[in-house]
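In what follows, a single structure is set out as structure tokens and then discussed.
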4 protein chains.
Amino acid sequence: MTEDQILSSVKDKELIEKRRNQMIEGAITLFKEKGFHKTTTREIAKEAGFSIGTLYEYIRTKEDVLFLVCDAIYDQVHACLEESIDHESPSLENLINVTKSYFRLIDEMQEGVIIMYQEVKSLEGEKKEYVLKKEREMVDMLEHLIITSLPHKMEQADAEILANNIFVQGQMWGFRRWMLQKQFSLEEYIDRQIHFLLQAIDIKRED
Amino acid sequence: MTEDQILSSVKDKELIEKRRNQMIEGAITLFKEKGFHKTTTREIAKEAGFSIGTLYEYIRTKEDVLFLVCDAIYDQVHACLEESIDHESPSLENLINVTKSYFRLIDEMQEGVIIMYQEVKSLEGEKKEYVLKKEREMVDMLEHLIITSLPHKMEQADAEILANNIFVQGQMWGFRRWMLQKQFSLEEYIDRQIHFLLQAIDIKRED
Amino acid sequence: MTEDQILSSVKDKELIEKRRNQMIEGAITLFKEKGFHKTTTREIAKEAGFSIGTLYEYIRTKEDVLFLVCDAIYDQVHACLEESIDHESPSLENLINVTKSYFRLIDEMQEGVIIMYQEVKSLEGEKKEYVLKKEREMVDMLEHLIITSLPHKMEQADAEILANNIFVQGQMWGFRRWMLQKQFSLEEYIDRQIHFLLQAIDIKRED
Amino acid sequence: MTEDQILSSVKDKELIEKRRNQMIEGAITLFKEKGFHKTTTREIAKEAGFSIGTLYEYIRTKEDVLFLVCDAIYDQVHACLEESIDHESPSLENLINVTKSYFRLIDEMQEGVIIMYQEVKSLEGEKKEYVLKKEREMVDMLEHLIITSLPHKMEQADAEILANNIFVQGQMWGFRRWMLQKQFSLEEYIDRQIHFLLQAIDIKRED
DNA sequence: CATGAATGAGCGTTCATTCAT
DNA sequence: CATGAATGAACGCTCATTCAT
């Protein structure tokens, strides 16, 4: 599974999960405040509620913490999408709802998304690959949803772009909030983006 | 002017500009490779072609380098927009061209955009303000262009969202290229995004 | 207590004291040789017998070391005075003995006194205040001793000057030894200064 | 002469003196504020009114500046003593006046004395020797004055101690002012110290 | 003689990581 | 398993000194 990429010198799987969750929670809090690079491992350990020595029983490098955090955040987003997608009877309605859920999640998770978004680049090699693959999968889900939800055919290429657009417009609310909130509430923002989305896919609706 | 916020102990204005340009160029190269935090001041100095001591004759802190870099990148984008906007007779044609120029610039500037995009947050206080203000101004330019270019009226709020969308979709090409380039060439990407844009503003054209 | 003004990231109080004592001893050796400013933190750590990293587990800044040193020296002087003062039955005899003890201590502590004397000014704000207060207290002790020891009344102002004189004449032996030792042994110096002191307070004795 | 120990690449003797005086004046101002070690050569040059390059035309190292400053201060004290000593008809009166002049000079020169006093130790080898020799000479002057001024004989050893005491009590006013001024004005301090001095040399006067 | 841009050794300090207890 | 004291490489930055102009 996901976290098996990260070696731990502790054997007890349950304990590993418990400790890593404490770690992730603490780290997110700190990364929000000061970013990954300005957060020290000592601070992470303290915030997580154990000692620096213990921290290193469950990871091998500071980067591992970042990986764990990114992974957790992606999983949350993924779970949200998965949950709101109606696999059995896709519909335009469902596409809209999924998009709304996604935007709202971003709003809730606040800077969590920013963290992940801005720090993934600090990951190296395999780990970066792994995380980006997860992102790719989520876009694919959206893409597939778009194709199956529409009443008419749409080129896969277009669907890909639209999926990316939705994905990025969500993130945009995350870190351009400072600019957008002067004009829009979250729901207004959502409504207008969905409106444009529907226009783009050439559908007339009475919203 | 822009860079006068950053103190230098050297008097000669021309020299300051020359050295700072060397600095910016070197820094961009390095920031691309490893990000701001993992780049050391010594590396920046070396890449720029002078000693660490000389570096600090032209700036006061490492953050100053980041500011200079962000500022330079924004100026480039701003100049590109300014240059392609037809202030005298705005038209849909011009809006499209501006968008295209912008997308192409992003493509040329490569990771320059990413740097700026991902590292601005590392700036502090006034400097961050200053850079964000510049970003805001560019979005405003786009917004204004949208409003004046369209044959029909558009709410300012909608124009703002569209301006942000264009801005962000440009950046998206910058740092999701790894994903998008599997399917699209730059020009294809541009064409499709512009297509969606026009649909969104409810205009039928024969592209 | 005294050293609680200086933060340590180590918890174990005993260890803190042990390490700080190593530190103080090493620092005094070095400060004697080259003064505070020319001594590096690395040298202090090495002389104390541990790494630079460990040094900073027990202090926060280089100035802290100076403070610790000054504090330790003052405490030694203070303890010496306290010990030799006969609080219950003050007498001229006792005053003389205290003075002698003090002069001898200065001689033993050698350049320790000079360090403190010449480097206190490098302390800043609160710490300087704290150390100077300690000095003030010692002079006060002498002053009080003078007043209570004399068979006749003496103005407090005079006592203060005399206390200062004694204090400074002790230090004088510390850092004018290069000049004085050509003529005097320590005991000769002491005898003559005490002789003058007694003359000054207008007392005839058969020494 | 005195300053010939310090090499200059400039030939013109008058210019050397002029520049060095500017230097000394500027340096004293700065040393008072922040001490020798915390003052930079650049600051000295600026305060003196010329460039860092020019500074180094007249000295070879930063320590040279300190030497020049110490030398100048000692010369001032020396001149003051010399001026007030009545070589032709020494008298107790004159001794008192010399002492008073000296104390008042210290008061005027304020931290100048402290500088010299606390930084001489930073001089190395020959230069330290040279400056200390000057100090020794001044004490000798006082010592000689004491011997010749008194109506009765006094051991040379005693005279030496008294001379040192006077010298140091002057300096004491210089850097224990923070403590003494709460109780004494300069003149009160002088009067009482002279009173004690006279007692010490066993002379009854009607002050 | 005067200038000030250039240099780089060296400083104080931090922090990821280890390992004995 | 948990702890936290110890380590030292590495960082950002300073400043005495030089030398081409």
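Here is the naming used below: chain letters follow the sequence lines, and residue numbers restart at 1 for every chain.
- Identified under the side-chain hydrogen bond (donor to acceptor under 3.5 Å, both in side chains) test for residues 58-68 of chain D, with sequence neighbours left out: D:Asp64-D:Lys127.
- Among residues two or more places apart in sequence or in another chain, the salt bridge (charged side-chain N to carboxylate O under 4.0 Å, His left out) test is passed with B:Glu124 by A:Lys38.
- Of the possible polar contacts, one joining the C:Glu43 side chain to the C:Thr40 backbone as a donor-acceptor pair under 3.5 Å is found.
- Taking atom CD1 on B:Ile16 and atom P on E:dG4, their separation rounds to 13 Å, with Å as the unit.
- In this structure, C:Asp12 atom CG and F:dA6 atom C1' are separated by 14 Å, rounded to whole Å.
- Atom NZ of B:Lys11 and atom P of E:dA5 are 7 Å apart (whole Å).
- Summarising the geometry, the separation between CG on B:Leu55 and P on F:dT14 is reported as 11 Å, rounded to the nearest angstrom.
- One interatomic measurement links the two molecules: CD of C:Gln22 to C1' of F:dA5, which rounds to 13 Å at whole-angstrom precision.
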Between B:Ser8 and B:Ile59, does the side-chain contact (heavy atoms from CB on, under 4.5 Å) criterion hold? Intermediate values first, please.
CA-CA 6 Å; B:Ser8 165; B:Ile59 51 155; over 6 Å; no

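- The CZ-P distance, from D:Arg20 to E:dC1, rounds to 13 Å in whole Å.
- Listed for the B:Gln22 side chain is a donor-acceptor partner under 3.5 Å among the backbone atoms of B:Ala48.
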What does the B/S/- profile of nucleotides 13-21 of chain E look like, 5' to 3', with a 4.0 Å heavy-atom cutoff to protein?
BBSBBB---

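- Note on D:Tyr58: a side-chain N or O is less than 4.0 Å away from OP1 or OP2 of E:dA2.
- Residue pairs meeting the ring pair (Phe, Tyr, Trp, His ring centres under 6.0 Å) criterion with at least one member in residues 29-54 of chain A, sequence neighbours excluded: A:Phe31-A:Phe36, A:His37-B:His37.
- Residues satisfying the ring-ring contact (aromatic ring centres under 6.0 Å, His included) criterion with C:Phe175, sequence neighbours excluded, are C:Tyr117, D:Tyr117.
- Nucleic acid contact class of D:Ser9 (heavy atoms, under 4.0 Å, all strands): none.
- Within the 4.0 Å cut-off from OP1 or OP2 of F:dA5, not a single side-chain nitrogen or oxygen of C:Arg19 is found.
- For DNA chain E, each stem of at least three Watson-Crick or G-U pairs (distances under 3.5 Å) is given as range with range: E:2-21 with F:2-21.
- A straight line from CG of C:Leu7 to P of F:dA5 spans 14 Å, rounded to a whole angstrom.
- We find that NZ of C:Lys34 is positioned 12 Å from C1' of E:dG10, with the value rounded to whole Å.
- The side-chain heavy atoms of B:Ser51 and B:Leu55, taken from C-beta on, include no pair separated by under 4.5 Å.
- Shortest non-hydrogen contact noted between B:Glu47 and B:Thr29 is OE2-CG2, 4.0 Å.
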